[in-house]
Amino acid sequence: MSAVTGLSFRDSGKLGLLLLISPLLLWLSLFILLPHVDLVMISLRERVAAREYAFSWSNYTAFFTEPLYWRTFMRTAVMSILATALTLLIAFPVAFYIAKMVRGRFKALLFVLCLIPFWVSELVRTYGWMILLRETGIFSGLLQWLGWVDQPVEMLYNDVAIMVGLVYTSMLFMVVPLVTTLEGLDDSLIEAAYDLGGSHFRVIWDVVIPHAMPGIVSGCIVVFMLTLGNYLTPTLLGGKDSLWFTEQIYTQFITRFNWEQGSAFGMLLLILSSFIVWAGLKLSRQSFTRVMT
Amino acid sequence: MIPSIPSSRYFRGIYATYVVLFFVYLILPLAVVAVFSFNDSLFPSLPWNGGTLDWFLGESEPRLGIFHDDELLGSIGVSFWVALGVTLLSLSLATCNAFLFERHDFAGKGFLYMLMLTPLVIPGVILGVSILIFSSSIANGLEDNYGLEIEWLRPGLPLVILGQFAFITTIATLVISARLRRFDHSLEEAALNLGASRLAVVRTITLPYLRPAIIGAGIVTFLMSFENFNTTLMLVGSDAPLTIAMFDRLREGSTPVLNAVSVLLMVGSAILGLISLFVQKPRDE
Amino acid sequence: MQAQSSLKEMDLECRGVTKTFGDFTAVEDISFAIPRGSFFSILGPSGCGKTTLLRMLAGFQSPDSGDILIKGRSVLNTPPNRRPVNMVFQHLALFPNMTVAENVAYGLKRRNVDKHEIKTRVADMLSRVGLPDAGGKQVSQLSGGQKQRIAIARCLVLNPDVLLLDEPLGALDLKLREQMKVELKQLQEKFAATFIYITHDQSEALVMSDQVAVMNHGRFEQVGTPQALYYEPATRFVAGFVGESNRWQASISARDERGFRLQTEAGLSMQADREIGDKSASQNDWGVGKSLELFLRPESISVAPGHQALGTENAYQGHVESVLFDGARSQLLVRIEGALDLLNVSLPQTAEFRSIRKGDSVSVGWSSAQVQCYEV
């Protein structure tokens, strides 16, 4: 019966459908599809004279022949994967604690406490880390006060600082999907698995993690995307030698005004991120639509 | 494990400590930023020289406070108008999208839905550059062929608004769709049955039901736009929104006036965030 | 069906209404007419097409063929928001964003009724359903039964020609449901309105209705008073669906002008009268060997402790297999000697059965007029 419910109001005519679908199509084509088609086309051309262009793979061959480019690229990818894994490892116990260990108002409070830092701009968060890590910063001062070091220590401008900032900045996007999926896990399933003789580890491995999989995958995808595409954190915490690929794109577009090369870099980054998202979905057997909604 | 399953006190202690440390980690950078906005020093760093309100109220260089720093104040204004524009555009389209995907069946729906989600997995920088080159292509084409010079297709605030709108709409769509999906369809039928016209049904039943989601999505949209950096960086012209202005100052090295701006931002976003939580809290379900 | 009275007094009439969804026929060639001021129920299992039928009456679906008339005028081309029928939804569909008074006023507002008039009519309606002070409340503050009354008030304030009710009691707990049955019937009589009530709960249909239509696979099996359905089910489906029965598969072993001798598969032999049961087939054509299904109500079986002559055409000896005590609805499960299956017998509320136990021997019997026979 319920299958037929509401048919009449739903198919309220072709006109309504047309009115609703045209803004969507305009948005998708003007702001998503066509710009990326243009990006591909520009990445595949070469300036031969003023205002004259020819088809060419040179922007892509430049990427492979210049070690700085592809090393930056690989480094960005590896560090993004590492940051994603770290974020997951740190966030999971916390998400489990919020979803399963505490109840009522305290739970709501902890959850909101998790959200608050992320209502504030990423710039402010990164700025906070700069104040903590710099030579004249809090940590350096603390170490001196404790007598563990006898002169200021510079903790900014290295890979660890970048990693700390990236993990921090991504935390929310991991915690929220994890808490949401873990809350959907019925306590009695955990109790049943334990009652049937499972050890804590087995229960987590056999019951909790499979259930949380959609949350884990969606958290990882979003975190990975944000990390890979991050510009602020590597630039501010990593300094001049942070070697993040988005900086290369920025340099080509804004500093060198070499849009052809920049477009090729943009395409490469897009291909890399799409590939890793696709691989993540395949490995975990999740669907993109399901994970994202 | 969950409370109903026995575990050692030792384990519980460690677990609780871990969670406490996690929250310290979360709060620490923000707390430090806030505290140093009151430091009576020209640099946002140790040593602590005692408290001052100069970084909020100071009237002249080098101790120019945020309330007299015209450049930063101007950029806050720019960000505000950009965010307002993005919010209005995104909410209108997102509401349409929600009705389209929740209420209609049509060929290619699954594909369009997936396409609608893709902005979530396009890095902001790339979205920015792709819109930059596309708009420039159009502008160049118009200029070369028709001699038209269309200013707003060149880097500047209109492009910033459009660029942010391009991906923020997806998030607003997800928020509004989620609530529309839970809507009890028989409420609309009941209204129709009581003599309401189609338009009256939407006005008196469906939209009031969606209101919390629309307000919530509006707040999220506004904050995301206000704080956006990556896409904005690629599309910005001469008028800098707040994040860009702050970024430039940060790289130059700045006085704690930046801390003061940050405190204002924290207060502002906390208020908006709490409003959105309050509005979205289910009251009658 | 009842003799048709003149068209004018009919509030609602369906003529050959059919609705299909793809290959599935939800409603097949249904015709009926409901006189003004009556309580008409459509009773059937889930999936029988009753909701589809109701939604066609409300205008949310349109029939593939046939006609629907309200007060003698076809409403096929009238959209749902202009039909003079109102509907109480399964989950009531009270508007959560409005107060009780705003809910009741909703339909009047849509008709642009004058503000003062709305106020008085809403207040009047609320007091007529016994909730005069509920106007300012939020819907969520009401109890289940109160919500029910508001949902009905919201419709009745518009003076509809017909009120449609889509299993509105389904969500209530048992106690409240019993109470609401009585209340609904009283409301209907008070307002002298025409109610069409659909349900899968036979007790709701029997208690409240003037007429009940039993629906199955998109067709009406039988339309009649609750008594007619219960005592003279016209088809095998009605006999099985309405009330409780003992059921047997049986075949005719002998026949005479009074009735049939029947042999059940479980090994029971009994006598049944003609013209009891199946109205859809001619019982004169039934010969020896014909397969039938028999229905016998638990309360039409006589029972006595020990060995006694009951004076009925069919009489047997057996012993109690178990006692299912349920107050006035208590039953015995009796195993008849030499037969395979158990017999459900209503437990008489008399002193001699107070101490009956499992294993006691009993005499059971029933008259040949109580056995309902149907073609398989």
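The sequence lines fix the lettering, A, B, ..., with proteins before strands; numbering per chain opens at 1.
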Trainee: Ion pair present between E188(B) and R198(B), side-chain N to carboxylate O less than 4.0 angstrom?
Mentor: no

Trainee: Can you tell which part of M224(B) gets under 4.5 Å to a heavy atom of chain A, answering side chain, backbone, both or neither?
Mentor: neither

Trainee: Is F22(B) in contact with chain A via its backbone, its side chain, both, or neither, using a 4.5 Å heavy-atom distance?
Mentor: side chain

Trainee: Answer with side chain, backbone, both or neither: which region of L30(A) has an atom nearer than 4.5 Å to a non-hydrogen atom of chain B?
Mentor: both

Trainee: Below 4.5 Å from any heavy atom of chain B, which atoms of F253(A) appear? Answer side chain, backbone, both or neither.
Mentor: side chain

Trainee: L100(B) and L17(A): side-chain contact (heavy atoms from CB on, under 4.5 Å), yes or no, with the steps?
Mentor: CA-CA 7 Å; L100(B) 179 71; L17(A) 181 66; 3.7 Å; yes

Trainee: Step by step, work out the salt bridge (Lys or Arg N to Asp or Glu O under 4.0 Å) result for R125(A) and E227(B).
Mentor: CA-CA 11 Å; R125(A) 285 177 261 152; E227(B) 293 168 1; 5.0 Å; no

Trainee: Which bit of L25(A) comes within less than 4.5 Å of chain B, counting heavy atoms only: side chain, backbone, both or neither?
Mentor: side chain

Trainee: Do N140(B) and S136(B) meet the criterion of a side-chain donor-acceptor pair at a distance under 3.5 Å?
Mentor: no

Trainee: Please look at L93(B) and chain A and tell me whether the side chain, the backbone, both or neither of the residue comes under 4.5 angstrom of a heavy atom of that chain.
Mentor: side chain

Trainee: Would you mind checking which part of L26(B) comes under 4.5 Å of any heavy atom in chain A, side chain (CB onward), backbone (N, CA, C, O), both or neither?
Mentor: both

Trainee: Which atoms of R134(A) come close to chain B, meaning under 4.5 Å heavy atom to heavy atom: side chain ones, backbone ones, both, or neither?
Mentor: side chain

Trainee: Hey, which of V120(A), L228(A), L270(A) has the most heavy atom pairs under 4.5 Å with chain B?
Mentor: V120(A)

Trainee: Please flag which part of Y250(A) lies under 4.5 Å from any non-hydrogen atom of chain B: side chain, backbone, both or neither.
Mentor: both

Trainee: Chain B heavy atoms under 4.5 Å from I42(A): which part of the residue, side chain, backbone, both or neither?
Mentor: side chain

Trainee: Would you mind checking which part of L110(A) comes under 4.5 Å of any heavy atom in chain B, side chain (CB onward), backbone (N, CA, C, O), both or neither?
Mentor: both

Trainee: Counting only non-hydrogen atoms closer than 4.5 Å, does V175(A) touch chain B with its backbone (N, CA, C, O), its side chain (CB onward), both, or neither?
Mentor: side chain

Trainee: Output yes when D38(A) and R45(A) qualify as a salt bridge under the 4.0 Å nitrogen-oxygen rule, no when they do not.
Mentor: no

Trainee: Identify which part of T235(A) has an atom lying under 4.5 Å from any heavy atom of chain B, answering side chain, backbone, both or neither.
Mentor: side chain

Trainee: Is the distance between the ring centroids of Y231(A) and W244(A) under 6.0 Å?
Mentor: no

Trainee: Please flag which part of W259(A) lies under 4.5 Å from any non-hydrogen atom of chain B: side chain, backbone, both or neither.
Mentor: side chain

Trainee: Given a strict heavy-atom distance threshold of 4.5 Å, which part of I32(A) is in contact with chain B: side chain, backbone, both, or neither?
Mentor: side chain

Trainee: Contact part of L272(B) toward chain A, heavy-atom cut-off under 4.5 Å: side chain, backbone, both or neither?
Mentor: neither

Trainee: If you apply the rule side-chain contact (heavy atoms from CB on, under 4.5 Å), what do you find for S263(A) with I133(B), and how did you get there?
Mentor: CA-CA 9 Å; S263(A) 299; I133(B) 59 172; 4.0 Å; yes

Trainee: Please identify, among L113(A), L115(A), V40(A), the residue contributing the most non-hydrogen atom pairs under 4.5 Å to chain B.
Mentor: L113(A)

Trainee: Looking only at heavy atoms and a cut-off of under 4.5 Å, which of G266(A), S273(A), S121(A) has the most pairs with chain B?
Mentor: S121(A)

Trainee: With a 4.5 angstrom heavy-atom cut-off, is it the side chain or the backbone of T126(A) that approaches chain B, or both, or neither?
Mentor: neither

Trainee: Side chain from CB out, backbone as N, CA, C, O: work out which of these in L28(A) comes under 4.5 Å of a heavy atom of chain B, or both, or neither.
Mentor: side chain

Trainee: Relative to the ring of F101(B), is the ring of Y113(B) parallel (under 30°), tilted (30 to 60°) or perpendicular (over 60°)?
Mentor: perpendicular

Trainee: Under a 4.5 Å heavy-atom cut-off, does chain B meet the side chain of M130(A), its backbone, both or neither?
Mentor: side chain

Trainee: Start with the C-alpha distance between I126(B) and F265(A), add both sets of side-chain angles, then the distance that settles side-chain contact (heavy atoms from CB on, under 4.5 Å), and finish with yes or no.
Mentor: CA-CA 9 Å; I126(B) 297 178; F265(A) 285 175; over 6 Å; no

Trainee: So which of G141(A), P93(A), P23(A) has the biggest tally of heavy-atom pairs under 4.5 Å with chain B?
Mentor: P93(A)

Trainee: With a 4.5 angstrom heavy-atom cut-off, could you sort out which part of F226(B) is near chain A: side chain, backbone, both or neither?
Mentor: neither

Trainee: Can you tell me if T243(B) uses its side chain to pair, donor with acceptor, with the backbone of N228(B) under 3.5 Å?
Mentor: yes

